[in-house]
S.K.: 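My questions will all concern the structure given below.
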Protein chains: 2
Amino acid sequence: MCVHNGGMTAVQIVESPAADACCAPAGAPPLCTEEAVAKAQHFKALADPNRLRLLSIVKAADGGEACVCELTGPLGLGQPTVSHHLKILVDAGLLHREKRGIWAYYSLVPGALERTAEVLATL
Amino acid sequence: MCVHNGGMTAVQIVESPAADACCAPAGAPPLCTEEAVAKAQHFKALADPNRLRLLSIVKAADGGEACVCELTGPLGLGQPTVSHHLKILVDAGLLHREKRGIWAYYSLVPGALERTAEVLATL
DNA sequence: TTGCTAGATCGATCGTCATCAATTCAGGCC
DNA sequence: GGCCTGAATTGATGACGATCGATCTAGCAA
């Protein structure tokens, strides 16, 4: 057995019991399961090279926005695939989608990247 | 065809030609493929709930370090799985591994999370 | 030496994800 | 109305990743 465990055996088992309300009963600093899943979902959106490039291109685009037709080229991916990635970024709250006429314009959600960065600090 | 493209057709095709040296010939601000892959790899390490909890637990642990036996319990995972996740975090430069006697102690690499956070700002 | 324990590695399995071709939807134009 | 174009959705496929049981390695103690 472990030598340490300075009196925190209470935190030991926080798992299968089907999503126990939520965490932090009092002296439990570490992330609970639900929090961790939510935050991981956020990072999953950033865990793909093509999605990072999408964010980068949109950020650098003229007017801070770009339509899908401007994005398929640089990425070398098919239109459905790019649309798929854009949806993931929108669902993650990182991109904003605005349809004007035939075109769909994507732009960075202000402060979204900064907020994600803060998650790392408050782990 | 697209109406926009304010004179940046040069950036259009940067894809299949088998990893062209590297990016940014001059006026190409967006992430190149290689950069994107490297940065995505970083976020991949954070894109798992259990790894986030590992970081959280290690950070909150007494002395800022924890051995594997302290980590399998809270996560409800087998020892090989925890070891696997820890290796990924070490390879990503987020955790430091120190073997003392029988035990392996893991601690946060100072400034690693902050550096990852900065990547978001410099997309 | 033998035995024991903490941890890493290996192999297999199962689920998730990235990608594409085909289709569908929606907004302009004739 | 019918047609064209930009974009989203669907279905299938191949690759990657999380997990586990079994095995292997490294320290420590009889």
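Remember, predicted model here, so these are calculated numbers, not experimental data. Below, each value reflects all heavy atoms present in this structure, side chains not excepted, and no hydrogens, waters or symmetry copies.
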S.K.: Do Tyr105(B) and Ile102(B) land in one hydrophobic cluster if side-chain heavy atoms of ILVMFWY residues count as linked below 4.5 Å?
M.R.: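 Looking at the clustering, Ile102(B) is in the same group as Tyr105(B).
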
S.K.: Flag yes if Val119(B) and Ile88(B) sit in one hydrophobic cluster, no otherwise; membership is Ile, Leu, Val, Met, Phe, Trp, Tyr, and two members link when side-chain heavy atoms are under 4.5 Å apart.
M.R.: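 No; tracing contacts between hydrophobic side chains, which count when under 4.5 Å, never links both residues.
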
S.K.: Whole angstroms only, please: what is the CG-P distance between Leu77(A) and dA18(C)?
M.R.: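 Rounded to the whole Å, the gap is 11 Å.
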
S.K.: Considering only heavy atoms, which members of residues 82-92 of chain B lie under 4.0 Å from some atom of DNA chain C?
M.R.: Ser83(B), Lys87(B)

S.K.: Under a 4.0 Å heavy-atom cut-off, which of residues 37-48 of chain B touch DNA chain C?
M.R.: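 The stretch gives none, as no residue of it lies under 4.0 Å from the strand.
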
S.K.: If you round to the nearest 0.5 Å, how far is NE2 of His42(B) from CG of Leu52(A)?
M.R.: 12.0 Å

S.K.: Looking at Pro49(B) and Ala40(A), what are the two nearest heavy atoms and their distance?
M.R.: N-CB, 3.4 Å

S.K.: Once you round it to whole Å, what is the distance between P of dA6(C) and OH of Tyr105(B)?
M.R.: 11 Å

S.K.: CD1 of Ile102(B) versus P of dC4(C): gap in Å, rounded?
M.R.: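 Rounded to whole Å, this separation is 14 Å.
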
S.K.: Looking at NZ of Lys59(B) and CG of Leu113(B), how far apart are the two atoms once the value is rounded to the nearest 0.5 Å?
M.R.: 6.5 Å

S.K.: Determine, stepwise, if the pair Leu46(A) / Leu94(A) fulfils side chain to side chain contact (heavy atoms under 4.5 Å, CB included).
M.R.: CA-CA 9 Å; Leu46(A) 295 166; Leu94(A) 294 168; 3.9 Å; yes

S.K.: Among dT19(C), dG7(C), dT19(D), find the nucleotide with the atom closest to the side chain of Cys69(B).
M.R.: dG7(C)

S.K.: Scan Arg51(A) against the nucleic acid and name what it touches under 4.0 Å (heavy atoms): base, sugar-phosphate only, or nothing.
M.R.: sugar-phosphate

S.K.: How many angstroms lie between atom CG of Leu31(B) and atom CD of Glu34(B), to the nearest 0.5 angstrom?
M.R.: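 The CG atom of Leu31(B) sits 11.0 Å away from the CD atom of Glu34(B).
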
S.K.: Rounded to the nearest Å, what distance is computed from the CD atom of residue Glu98(A) to the P atom of nucleotide dA8(D)?
M.R.: 13 Å

S.K.: Would you mind reading off the distance between Asn50(A) atom CG and dC16(D) atom C1', rounded to a whole angstrom?
M.R.: 15 Å

S.K.: Does dA6(C) have OP1 or OP2 sitting under 4.0 Å from an N or O in the side chain of Tyr106(B)?
M.R.: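 It does not, given that no N or O in the side chain of Tyr106(B) lies less than 4.0 Å from OP1 or OP2 of dA6(C).
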
S.K.: Base, sugar-phosphate, or nothing: which does Arg97(A) touch, judged by heavy atoms less than 4.0 Å apart?
M.R.: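 Contact class for Arg97(A): sugar-phosphate only.
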
S.K.: Whole-Å distance between dA6(C) P and Leu71(B) CG?
M.R.: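 It works out to 14 Å between those atoms.
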
S.K.: May I ask you to verify if any side-chain N or O of Thr81(B) is less than 4.0 angstrom from the OP1 or OP2 atom of dA18(D)?
M.R.: no

S.K.: In this structure, would Val37(B) and Leu123(B) fall into the same cluster of hydrophobic residues linked by side-chain contacts under 4.5 Å?
M.R.: no

S.K.: When you measure only distances, ignoring hydrogens and angles, does the side chain of Gln79(B) come within 3.5 Å of the base of dA6(C) through a donor and an acceptor?
M.R.: no

S.K.: Rounded to the nearest 0.5 Å, what separation is found between the CG atom of Asp91(B) and the CG atom of Leu86(B)?
M.R.: 11.0 Å

S.K.: Rounded to whole Å, please give me the gap between CG in Leu52(A) and C1' in dA18(C).
M.R.: 14 Å

S.K.: Both Gly101(A) and Pro80(A) contact DNA chain C. Which one's nearest nucleotide lies toward the 5' end?
M.R.: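 Residue closer to the 5' terminus by nearest nucleotide: Pro80(A).
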
